[in-house]
There are 2 protein chains.
Amino acid sequence: MEEKDSFNHLPHKTIARLSQYRRALLLCLSRGKSHIFSHEIATIQHITPVQVRRDLMLIGYSGTLRKGYNIRELIDLIGNIIDSDEGIKVAIVGMGNLGRALINYFSGKRHKLEIVAGFDTNPDKIGNTMNGVPCYPAERMKEIIEREKIEIGIITVPAQNASQTANELVAAGIKGLLNYTPKPIDVPDYVYLEEYDMITTLEKVAFYVKMRQSEEESNKK
Amino acid sequence: MEEKDSFNHLPHKTIARLSQYRRALLLCLSRGKSHIFSHEIATIQHITPVQVRRDLMLIGYSGTLRKGYNIRELIDLIGNIIDSDEGIKVAIVGMGNLGRALINYFSGKRHKLEIVAGFDTNPDKIGNTMNGVPCYPAERMKEIIEREKIEIGIITVPAQNASQTANELVAAGIKGLLNYTPKPIDVPDYVYLEEYDMITTLEKVAFYVKMRQSEEESNKK
DNA sequence: TTTGCCTTGTTATTTAATTAACAAATAAAA
DNA sequence: TTTTATTTGTTAATTAAATAACAAGGCAAA
């Protein structure tokens with residue numbers, strides 16, 4: 001208990017990187033590697049070796065000098081930190097292209113984190129199964145989330161339905177939400193919320209592309 | 001020229017928020033509103049009024065005291081900053097579920113930023129049109145990107161093809177890349193790169209959900 | 001054995017972003 | 001007319017994150 005508490009002040013960015021380190025490490029392990037240096041991890045992730053070492057320091061893992069980190073041990077440790085012992089169930093609301101894309105990404109990958117239900121209002125989709133994930137009618141959201149003890153919801157409905165969907169998920173007792181619509185949603189404090197807006201991301205890329213071009217032009221002069 | 005340069009030190013987060021403010025403002029405008037207060041924008045975006053005012057200060061926009069900001073003017077100013085005068089063309093590589101989801105999100109929305117081509121290797125998809133976006137064979141990437149003067153590429157191929165796709169896009173002269181595969185890619189300095197990893201995001205949500213639960217438990221004791 | 005080279009682990013510094021604090025302006029109310 | 005409430009704009013302080021700096025350990029080669 002006390003140990004686990006020590007991880008709740010890890011920087012958000014470190015949590016994200018740990019997840020990425022683990023995937024890279026699993027790949028290395030499958031290729032027969034047993035140890036890895038911080039600069040190797042850094043190269044794979046396109047970050048600096050210092051940042052890798054600092055992250056590992058924060059989770060209290062020590063490598064061996066001149067031999068690097070034990071890949072198997074590190075994978076296990078990261079799992080202890082970021083995975084839930086019992087596993088966490090996830091539901092996707094909105095089985096359009098984005099919802100299905102997410103299911104494909106996840107299918108059979110992470111066993112501690114499983115997408116167990118999809119919801120939609122389209123009668124053509126209801127009753128079908130996508131990559132092993134059954135699609136239920138939106139009206140049954142509360143019932144199924146409670147029955148299956150689903151704790152995380154991913155919102156991939158059209159933007160205009162985002163906030164209503166969020167409310168329904170919260171009412172159903174969801175603990176964490178991931179909102180992929182461009183419409184910001186409002187949830188109670190006890191629900192962890194992460195939002196990602198694809199339109200904004202693309203506009204940002206466009207801005208920096210433009211910015212660099214105009215910098216180049218003014219340098220030429 | 002000199003004015004534009006003044007925007008190249010805007011914080012990245014501010015750029016992202018400007019894009020979001022604009023969308024919110026367009027919605028308000030369409031409802032007949034002409035002015036808006038910082039705290040109204042803040043409520044819509046679930047941030048603080050101070051942050052809104054600070055962002056607007058950075059772009060040099062002044063509202064009128066006790067009347068707020070002129071929505072029309074502000075929309076135009078944000079456009080001047082983040083849009084490219086001539087517009088920027090975008091290509092999507094990988095017309096799977098995620099690629100199609102992005103096309104749906106964008107279709108007909110932002111006229112300064114247009115998805116004009118999709119690429120895939122699947123013969124069933126090649127030659128089709130999705131929401132007005134034609135799907136070309138991957139081999140024609142360079143040819144079409146050069147011909148259409150496409151500057152931004154979005155990578156939505158399977159992870160194992162990510163880096164090869166990135167190389168092809170860079171070779172074709174792309175200026176900005178948005179990588180949605182969980183595999184980090186490597187691009188030259190002159191290419192602006194943004195990466196987003198859905199698996200990591202979901203693992204992060206799961207971590208914080210778990211963390212809060214174990215905090216609650218230890219509080220009960 | 002000794003020297004030099006890597007590599008880790010940690011602290012210090014710098015940079016980025018958010019939040020707090022508050023002066024100034026002005027419309028509305030007293 | 002004077003006071004009060006509200007809202008903007010800006011500087012200062014705080015927090016979060018990344019980067020730099022460097023001591024210490026230990027293998028390999030001389």
Side-chain angles (χ1 to χ4, degrees), chain A residues 6-21 25 28 33-71 73-74 77-78 184 193-195 200 204 207-208 211, chain B residues 6-21 25 28 33-71 73-74 77 184 189 193-195 200 204 207-208 211:
Chain A
S6 70
F7 297 132
N8 67 8
H9 297 301
L10 289 174
H12 282 223
K13 298 285 183 77
T14 294
I15 299 296
R17 281 191 299 264
L18 288 174
S19 156
Q20 293 173 315
Y21 297 162
L25 292 170
C28 292
K33 251 173 106 77
S34 76
H35 288 74
I36 193 166
F37 295 126
S38 61
H39 62 82
E40 292 178 294
I41 299 178
T43 303
I44 298 171
Q45 298 299 133
H46 302 117
I47 56 178
T48 65
V50 189
Q51 184 140 71
V52 175
R53 292 204 300 275
R54 208 172 192 298
D55 285 336
L56 300 189
M57 185 196 78
L58 291 174
I59 63 172
Y61 186 67
S62 291
T64 41
L65 205 50
R66 294 195 58 99
K67 203 175 169 190
Y69 302 94
N70 180 306
I71 293 178
E73 279 178 18
L74 189 46
L77 177 59
I78 293 175
L193 172 67
E194 187 95 18
E195 304 197 287
T200 282
K204 196 174 134 189
F207 170 79
Y208 284 104
M211 187 54 75
Chain B
S6 70
F7 297 133
N8 66 8
H9 297 301
L10 289 174
H12 282 224
K13 299 284 182 76
T14 294
I15 299 297
R17 281 190 298 264
L18 288 175
S19 156
Q20 293 172 317
Y21 296 162
L25 292 170
C28 292
K33 251 172 106 74
S34 76
H35 287 74
I36 194 166
F37 296 125
S38 61
H39 65 258
E40 292 178 293
I41 299 178
T43 303
I44 298 171
Q45 298 299 131
H46 302 117
I47 56 177
T48 65
V50 188
Q51 186 141 69
V52 174
R53 292 204 300 276
R54 210 174 189 297
D55 286 335
L56 300 189
M57 184 195 78
L58 291 174
I59 64 172
Y61 185 67
S62 292
T64 41
L65 206 48
R66 295 194 58 100
K67 203 176 170 189
Y69 302 94
N70 181 307
I71 293 179
E73 279 178 19
L74 189 45
L77 176 58
D189 282 348
L193 172 66
E194 186 95 19
E195 304 197 288
T200 282
K204 197 175 133 189
F207 170 79
Y208 284 104
M211 186 54 75

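In what follows, every heavy atom counts, from backbone to side chain, and hydrogens, waters and symmetry copies are set aside. Order of the sequence lines sets the chain letters (A, B, ...), proteins ahead of strands, with each chain counted from 1.
- Residue-level contact check: A/Ser62 touches the backbone only, with heavy atoms under 4.0 Å from sugar-phosphate atoms and none from bases.
- A straight line from NE2 of B/His12 to P of C/dA16 spans 9 Å, rounded to a whole angstrom.
- Atom P of nucleotide C/dT7 and atom OH of A/Tyr69 are separated by 11 Å, given to the nearest angstrom.
- Comparing the local axis fitted to the first five base pairs of the helix from C/dT1-D/dA30 to C/dA30-D/dT1 with the one fitted to its last five gives a bend of 10°, rounded to 10°.
- Nucleotide C/dA16 holds its P atom 13 Å from the CG atom of B/Leu10, rounded to whole Å.
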Study note, to complete from the structure: Once base and sugar-phosphate atoms are separated, protein heavy atoms under 4.0 Å mark nucleotides 23-30 of chain C, 5' to 3', with B, S and - as --BBS---
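- Pairs passing the salt bridge (Lys or Arg N to Asp or Glu O under 4.0 Å) check and including a residue from residues 40-58 of chain B, sequence neighbours excluded, read B/Arg17-B/Asp55, B/Lys33-B/Glu40.
- Side-chain N/O atoms of A/Ser38 include none lying less than 4.0 angstrom from OP1 or OP2 on C/dT7.
- Contacts of A/His46 classified as ring-ring contact (aromatic ring centres under 6.0 Å, His included), with partners at least two apart in sequence or in another chain: none.
- Among pairs with a residue in residues 41-50 of chain B, none fulfils salt bridge (Lys or Arg N to Asp or Glu O under 4.0 Å), at least two apart in sequence or across chains.
- Here the side chains of A/Ser19 and B/Lys204 are not in contact, with every heavy-atom distance at 4.5 Å or above.
- The minimum heavy-atom distance between A/Thr48 and A/Ala42, with the atom names listed, is C-CB, 3.6 Å.
- Residues from residues 41-57 of chain B placing a heavy atom under 4.0 Å of any atom in DNA chain D, listed by number, are B/Arg53, B/Arg54, B/Met57.
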Show me the donor-acceptor pairs, under 3.5 Å and distance only, between side chains in residues 59-66 of chain A and residues at least two apart or in other chains.
unit_1: A/Tyr61; atom_1: OH; unit_2: A/Asn70; atom_2: N; d: 3.4
unit_1: A/Tyr61; atom_1: OH; unit_2: A/Glu73; atom_2: OE1; d: 2.7
unit_1: A/Thr64; atom_1: OG1; unit_2: A/Gly68; atom_2: O; d: 3.3

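- Residues B/Leu77 and B/Leu56 have side chains not in contact (no heavy-atom distance under 4.5 Å, counting atoms from C-beta outward).
- In this structure, the CD1 atom of B/Ile15 is 14 Å from the C1' atom of C/dA16, given to the nearest Å.
- Taking A/Thr43 as the reference, nothing meets the side-chain contact (heavy atoms from CB on, under 4.5 Å) condition, with sequence neighbours excluded.
- Looking at residues two or more places apart in sequence or on another chain, you find a side-chain hydrogen bond (donor to acceptor under 3.5 Å, both in side chains) between B/His12 and A/Tyr208.
- Residues forming a side-chain hydrogen bond (donor to acceptor under 3.5 Å, both in side chains) with B/Gln51 (at least two apart in sequence, or on another chain): none.
- For the pair B/Ile41 and B/Leu25, the minimum side-chain heavy-atom distance is below 4.5 Å.
- You can see that DNA chain D meets the heavy atoms of chain B within a 4.0 Å-exclusive cut from D/dA5 to D/dA12, reading 5' to 3'.
- Of all the heavy atoms in B/Cys28 and B/Ile44, the pair that sits closest is SG-CD1, 4.1 Å.
- For the pair B/Ile47 and B/Tyr21, the minimum side-chain heavy-atom distance is below 4.5 Å.
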